[in-house]
Amino acid sequence: MIYDNQQISLTKEHWFAACSVEDAVINGGVCVKHGNEQIALFYFTRRNEWYATQNLCPHKKQMALSRGMLGSKNEEPKVACPFHKKTFSLVTGQCLSGDECDIKTYPVKVENGTVFIKVDTKEP
Ligand code: FES
């Protein structure tokens with residue numbers, strides 16, 4: 001038997017209050033900080049839907065996706081990075097521009113006028 005004495009960390013899911021609905025940008029995004037993470041939160045008003053992704057665009061490592069433009073491709077909601085217009089699915093995070101640089105997405109819910117984002121937290 002091989003024993004690995006590396007510290008084992010557990011991952012725990014956690015909903016945190018990101019902002020109030022009134023703070024959100026209509027058909028646009030805001031940047032929400034959670035610890036060291038920057039999360040782009042989108043209120044896609046035309047579809048009455050909320051999405052959250054990493055704020056970092058993987059193309060040139062710019063913290064920019066919260067300032068991206070929302071749209072749809074074949075009914076799939078997407079965001080276009082403001083720098084070089086690479087687009088990403090807001091549902092799966094897949095890069096829709098043909099590159100292999102997907103982004104992370106997060107579940108979002110709204111309760112009593114507050115927007116919550118679900119993240120993973122590591123526990124020692
Ligand atoms: S930095 Fe986002 S597309 Fe280039």
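Just follow the structure's listing: the first ligand is 1, and inside any ligand the first atom is 1.
When atom types are taken as modelled, the side chain of Asp102 and the backbone of Cys95 share a donor-acceptor pair closer than 3.5 angstrom.
Within a 6.0 Å sphere centred on NZ of Lys109, other residues, nucleotides and ligands contribute more than 12 heavy atoms.
Every residue meeting the side chain to side chain contact (heavy atoms under 4.5 Å, CB included) condition with Ala64, not counting sequence neighbours, appears here in chain and number order: Gln62, Arg67, Cys81, Pro82, Phe83. Under the side chain to side chain contact (heavy atoms under 4.5 Å, CB included) criterion, Gln38 pairs with Cys31, Lys33, Asn55, Met63, not counting sequence neighbours. The side chain to side chain contact (heavy atoms under 4.5 Å, CB included) search around Lys86 returns His59, Phe88, Ser97, Asp99, not counting sequence neighbours.
Residues Arg46 and Ser72 bring no donor and acceptor atom of their side chains to less than 3.5 Å of each other.
Within the protein, the N, O or S atoms sitting under 2.8 Å from atom 4 (Fe) of ligand 1 are His59 ND1, His84 ND1.
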